[in-house]
Amino acid sequence: MLGGKKILIGVTGSIAAYKTLILTRLLIKAGAEVKLIMTPAAKDFVTPLSLSTISKNQVLTDLVDKGSWANHVMLGRWADIMLIAPLSCNTLAKMANGQCDNLLLAVYLSATCPVLLAPAMDEDMWKHPTTRININKLESYGNKLIPVGNGELASGLFGEGRMAEPETIIEHLENILSPKKTLSGKKALVTAGPTYEQIDPVRFIGNHSSGKMGIAIAKELAERGASVYLVLGPSSINADIPGVEIKRVSTAKEMYEACLEKFPTSAIAVMSAAVSDYSPIHFSKDKIKKIGETFSLELAKTKDILKTLGQQKKDGQLLVGFALENHQEREYAIKKLTEKNADIIVMNSLNDEGAGFGHDTNKITIFEKDGQELSYDRKAKQQVAADIVDRIVKMMYA
Ligand code: CTP
């Protein structure tokens with residue numbers, strides 16, 4: 001699966017660099033093209049000569065090489081992926097702060113390809129609040145993290161912080177470069193965006209939902225092989241995605257009807273739309289004139305799509321709902337989980353900066369029917385979608 005892939009490996013100063021020799025050999029055997037960059041400190045642990053011999057490529061260490069400038073921009077463009085393995089605490093901190101005092105950092109800052117991180121450090125360093133902040137920062141930029149292992153550390157202590165084994169790193173590289181279509185053959189129903197409830201020909205009741213979160217989920221499900229039916233309320237976001245069929249709707253009633261038709265044949269349903277809870281009882285064919293000092297509108301409750309699907313759900317179907325709250329968030333999310341017979345409720349709080357309507361980021365907590373509760377950091381919505389779909393996949397194949 002890695003045959004022909006161009007992999008750029010950054011090596012930093014850590015004893016785990018010995019594993020990079022084995023990793024490079026495995027990648028070359030798998031048919032990948034490997035180029036390596038080392039920080040000055042990395043050379044204390046492995047030599048450029050051993051890495052260049054194994055990779056069959058010159059190993060770069062300096063911004064200036066024999067009087068000529070190493071083109072860091074082109075290296076980042078050449079690569080299908082940049083892997084930093086081992087990633088030391090020091091280089092991590094520099095990356096999180098945009099420092100650029102060696103070739104590896106210059107390439108990292110100018111790389112346009114995906115970046116994968118394989119940290120290696122002592123457990124106390126790994127758990128230090130500064131390291132946590134730095135890791136979260138890089139993840140929020142879209143860099144992917146390979147979890148550290150647990151075991152004997154260079155200090156002689158046992159704990160978390162070991163760099164992942166070469167075979168595990170290869171699995172992560174394969175997942176990014178040739179993602180497994182874990183949802184192939186599955187049908188998924190997704191709702192997104194607001195609904196507009198017409199009052200008269202020119203007015204409606206709506207909300208600020210942009211549809212970004214639901215569209216990101218539809219994209220993620222499609223990328224993992226599902227055929228997705230996206231029921232999309234009025235949204236200006238481009239949802240033209242391969243593998244996603246779009247059904248445009250306007251009102252809560254139209255959304256309800258579209259969902260009820262598709263749900264029986266769907267294995268997964270993700271209700272992320274901000275459906276209007278109430279709709280005007282009467283639609284005025286003529287534009288309503290401003291006559292009195294006050295104006296009342298009689299509204300009737302719309303049908304709860306999530307709840308209805310929860311009542312119809314059969315074995316093998318997985319139902320996901322959303323909860324946008326601004327107080328007693330946890331209690332309300334758990335209540336929705338049981339009341340709507342959902343398998344997963346994704347909660348976001350209006351009190352969190354960069355979460356909810358309109359933002360490009362979101363911060364979620366996932367509540368699952370078996371009582372699991374998972375809180376995530378603020379991330380780009382596409383990454384939040386990947387976290388949600390990870391949980392869906394995990395639950396489907398549990
Ligand atoms: N939902 C739905 N159909 C509706 C209303 C909401 O499918 N008519 C779904 C949303 O897509 C979301 C979840 O239900 O997944 C939100 O739950 P809801 O109870 O509507 O939350 P609120 O609108 O915040 O209402 P409440 O005041 O009951 O908390």
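Every number for a ligand or one of its atoms is a count from 1 in the order of the listing.
Scanning Glu339, Met271, Glu325, Met347 for the heavy atom closest to atom 15 (O) of ligand 1 points to Met271.
Side-chain contact between Leu117 and Leu138 is present, with heavy atoms from C-beta onward closer than 4.5 Å.
For Asp352 and Arg378, the salt-bridge test fails: no basic side-chain N is under 4.0 Å from an acidic carboxylate O. Salt bridge absent: Glu254 and Lys247 never bring a charged side-chain N and a carboxylate O closer than 4.0 Å. Between Glu33 and Lys5 there is no salt bridge, since no side-chain N of the basic residue sits under 4.0 Å from a carboxylate O of the acidic one. The residues Arg224 and Asp390 are annotated as salt-bridged, a charged nitrogen and a carboxylate oxygen being separated by less than 4.0 angstrom. Using a 4.0 Å cut-off between charged nitrogen and carboxylate oxygen, Lys381 and Asp360 do not count as a salt-bridge pair. Using a 4.0 Å cut-off between charged side-chain N and carboxylate O, Glu223 and Lys219 make a salt bridge.
On a distance-only criterion, Leu324 and ligand 1 share no N/O pair closer than 3.5 Å. Inclusion of Phe322 in the set of residues having an N or O under 3.5 Å from an N or O of ligand 1 is warranted. For ligand 1, one of its N or O atoms has an N or O atom of Leu306 under 3.5 Å away. The distance criterion of under 3.5 Å between nitrogen or oxygen atoms is not met by Ala323 with respect to ligand 1. Of the N or O atoms in Lys303, one or more lie within a sub-3.5 Å distance of an N or O in ligand 1. Checking only distances, Ile305 does come within under 3.5 Å of ligand 1, N or O to N or O.
Set against the non-hydrogen atoms of Asp277, the atoms of ligand 1 under 4.0 Å away are 5 (C), 20 (O), 22 (P), 23 (O), 25 (O). Near Gly321, meaning under 4.0 Å from any of its heavy atoms, are these atoms of ligand 1: 15 (O). Within ligand 1, counting atoms from 1 as listed, the ones closer than 4.0 Å to a heavy atom of Thr302 are 8 (N).
Under the 4.5 Å side-chain contact rule for hydrophobic residues, Ile169 and Ile54 share a cluster.
Among all non-hydrogen protein atoms, the one lying nearest atom 4 (C) of ligand 1 is Val275 CB, 3.5 Å. Ranking protein heavy atoms by distance to atom 11 (O) of ligand 1, first place goes to Ala273 O, 2.7 Å. Closest to atom 26 (P) of ligand 1 among all protein heavy atoms lies Lys336 NZ, 4.1 Å.
Screening Asn348, Thr365, Asn351 for a side-chain hydrogen bond (donor to acceptor under 3.5 Å, both in side chains) with Glu329, the sole residue that qualifies is Asn351.
Heavy atoms of Lys340 found under 4.0 angstrom from ligand 1 belong exclusively to the side chain.
The cationic group of Arg162 does not satisfy the cation-pi geometry with Trp126, failing either the under 6.0 Å distance to the six-membered ring centre or the 45° limit from the ring axis.
Checking atom 8 (N) of ligand 1 against the protein gives a heavy-atom contact under 4.0 Å.
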